[in-house]
Amino acid sequence: MWTKDKMDRFADIYDRDGVVRVAGALGPDDVHELTQRIQAIIQRYSTTAKVSENMVVVKYDGGAYVEFLSRDDSAFMERLLASHLPRLAARIMRVKKVTFWRDEVHYKESGSATNKTPWHHGIGSFPFKGQQVLTAWVPLTPITDEDSPLQSILGSHLQTSARYRPPTRTDEVDIPGYVDIPDFDSQIARGELDVATWTSSPGDAVFFHPFSVHGAPPNTGRQPRMAYVSRWLGDDALWQPDAFSVNDVGAEAELIVDGRPTGPLFPTITI
Ligand SMILES: O=C(O)CCC(=O)C(=O)O
């Protein structure tokens, strides 16, 4: 489907911008099946709840996250592994193999003024640290300017000397190497930064670097917005959690060997 030249072009754009869109990374059948399954989960829970051993629904005012779908539901894992996503992830990071880490859904209700995603980068909260922790953000609903499109600050992945404190962490914890998140909105308003707004079709994938700063405006549109996110580890990604890292109880302790997750829930795909 994608020639080697085309894949190399995706990797070149990624190296330059820290983010690249690949149209049609998931086919219509995958989009349909994932959408049905995710909608069923979201409708079943009106409050934050544990769905199964690892899977959780976290509800907030204006939306929900569903985390660790593939850990407990093989239908998600099978679709993911059979899709183009792992191979695209490897090509974009220019590595020979990728290890699947986790997946999640970012669901935003329609007609909201408040359910934005603030500017942040992933590395600030990932327990795996390294340059090769790639995110594939795949909308399952059509994304216009009103439907909370993902936005990326182009080239921001080149700033790797400091990690930004996650926007959810307003507590007093201080960790060396972390700084407060800059006022990107003011910098953008002054024309100092280039921002890409990823309006897209269901099944398109936006791949982005762990240091790439991204966010999304609220979903002011008429339909709920659903994005399916999977995260992929390249060679240099190692388990180094700190006090800002998101919880990943399922990957901890005995599943981590030499800094890498092991076992069937963390398959490695070699290209
Ligand atoms: O979908 C969104 O609004 C945010 C996604 C995100 O922050 C991520 O996948 O890291």
Side-chain angles (χ1 to χ4, degrees), residues 17-19 48 50 54 56-68 93 99 101-104 106 108 114-135 137 148 150-190 192-195 208-218 229 231-261 266:
D17 294 341
V19 54
T48 293
K50 191 166 166 163
N54 294 284
V56 288
V57 178
V58 179
K59 290 264 181 175
Y60 61 89
D61 187 22
Y65 309 105
V66 189
E67 298 191 297
F68 304 116
M93 287 195 281
T99 300
W101 166 30
R102 59 175 286 168
D103 58 359
E104 68 208 40
H106 293 248
K108 291 177 193 263
T114 58
N115 61 4
K116 73 171 187 181
T117 303
W119 295 116
H120 67 288
H121 61 192
I123 197 74
S125 59
F126 290 164
F128 286 98
K129 305 295 188 203
Q131 296 279 327
Q132 295 171 340
V133 189
L134 185 71
T135 296
W137 182 90
S148 190
L150 188 77
Q151 295 188 303
S152 305
I153 299 182
L154 300 180
S156 53
H157 67 304
L158 300 173
Q159 185 297 110
T160 56
S161 57
R163 297 174 191 156
Y164 301 131
R165 190 184 175 85
T168 47
R169 298 300 295 256
T170 50
D171 49 38
E172 292 300 307
V173 176
D174 234 344
I175 308 179
Y178 285 82
V179 297
D180 284 342
I181 191 124
D183 182 356
F184 287 119
D185 284 328
S186 298
Q187 294 182 34
I188 292 162
R190 292 197 297 269
E192 294 168 3
L193 300 171
D194 274 347
V195 175
F208 58 89
H209 186 278
F211 280 86
S212 173
V213 174
H214 58 281
V229 165
R231 308 207 197 258
W232 303 88
L233 309 177
D235 302 327
D236 81 348
L238 292 178
W239 182 254
Q240 288 169 0
D242 59 35
F244 289 154
S245 299
V246 289
N247 279 336
D248 188 347
V249 179
E252 270 168 23
E254 73 270 24
L255 290 179
I256 304 291
V257 177
D258 294 335
R260 305 282 296 183
F266 306 96

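Distance check: Asp248 CG to Asn54 CG gives 8.0 Å after rounding to the nearest 0.5 Å. To the nearest 0.5 angstrom, Trp137 atom CH2 is 10.0 Å from His106 atom NE2. A distance of 11.5 Å separates CD in Gln131 from CE in Met93, rounded to the nearest 0.5 Å. From Ile123, atom CD1 reaches atom CD of Gln240 across 8.5 Å, with rounding to the nearest 0.5 Å. Distance check, rounded to the nearest 0.5 Å: CH2 of Trp232 to CZ of Phe128 gives 13.5 Å. Atom CG of Asp17 is separated from atom NE2 of His209 by 12.0 Å, given to the nearest 0.5 angstrom.
In the displayed structure, Asp183 atom CG is contacted under 6.0 Å by more than 12 heavy atoms of other residues, nucleotides or ligands. Around atom NZ of Lys116, no more than 12 heavy atoms belonging to other residues, nucleotides or ligands sit under 6.0 Å away.
The aromatic rings of Tyr60 and Tyr65 lie tilted to each other, with the angle between the two planes from 30° to 60°. The aromatic rings of Phe184 and Trp119 sit perpendicular to each other, their planes meeting at more than 60°, with 30° as the lower class boundary.
For the pair Asn115/Pro218, a side-chain contact is recorded, criterion being any heavy-atom separation below 4.5 Å from C-beta on. Within the 4.5 Å cutoff, side-chain heavy atoms of Gln159 are placed close to those of Tyr164. Contact check for Trp101 versus Pro127: side-chain heavy atoms found under the 4.5 Å cut-off. Contact of the Ile181 side chain with the Pro118 side chain is not registered, since no non-hydrogen atoms from C-beta on lie closer than 4.5 Å. A 4.5 Å side-chain heavy-atom check between His120 and Thr168 finds every atom pair outside the cut-off.
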Open item on the list: Show, in sequence, the C-alpha distance, side-chain angles and deciding distance for Arg165 and Ile175, and conclude whether the side chain to side chain contact (heavy atoms under 4.5 Å, CB included) test is met.
Closed with: CA-CA 9 Å; Arg165 190 184 175 85; Ile175 308 179; over 6 Å; no
Task: Candidate pair Gln151 and Ile188, rule side chain to side chain contact (heavy atoms under 4.5 Å, CB included), full reasoning - done: CA-CA 12 Å; Gln151 295 188 303; Ile188 292 162; over 6 Å; no
TODO: Might you work through the side chain to side chain contact (heavy atoms under 4.5 Å, CB included) test for Asp242 and Lys129, ending with a clear yes or no?
DONE: CA-CA 10 Å; Asp242 59 35; Lys129 305 295 188 203; 3.9 Å; yes
Task: Verdict with reasoning, Leu238 to Arg260, per side chain to side chain contact (heavy atoms under 4.5 Å, CB included) - done: CA-CA 6 Å; Leu238 292 178; Arg260 305 282 296 183; 4.0 Å; yes
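Residues Pro182 and Gln187 come closest through the heavy atom pair CB-NE2, 3.7 Å. Ser212 and Val19 make their closest contact through OG-CB, 4.4 Å (heavy atoms, listed as atom of the first residue, atom of the second, distance). Minimum interatomic distance between Gly124 and Pro166 (heavy atoms only, all atoms of both residues): O-CG, 3.5 Å. For the residue pair Leu255 and Ala251, the shortest heavy atom distance occurs at CB-O, 3.7 Å. Listed here is the closest heavy atom pair of Phe266 and Thr99: O-CG2, 3.5 Å. For the pair Val179 and Ala162, the tightest heavy-atom approach, listed with the atom from each and the gap, is CG2-CB, 4.0 Å.
Taking the six-membered ring wherever Trp is involved, the centroid distance between the rings of His121 and His214 does not fall below 6.0 Å.
With hydrogens and angles ignored, the 3.5 Å screen pairs a side-chain donor or acceptor of Ser148 with a backbone N or O of Pro217. A donor-acceptor pair under 3.5 Å is absent between the side-chain atoms of Gln132 and the main chain of Ala237, judged by distance alone. Judged by distance alone, the side chain of Arg169 and the main-chain N or O of Ala243 form a donor-acceptor pair under 3.5 Å.
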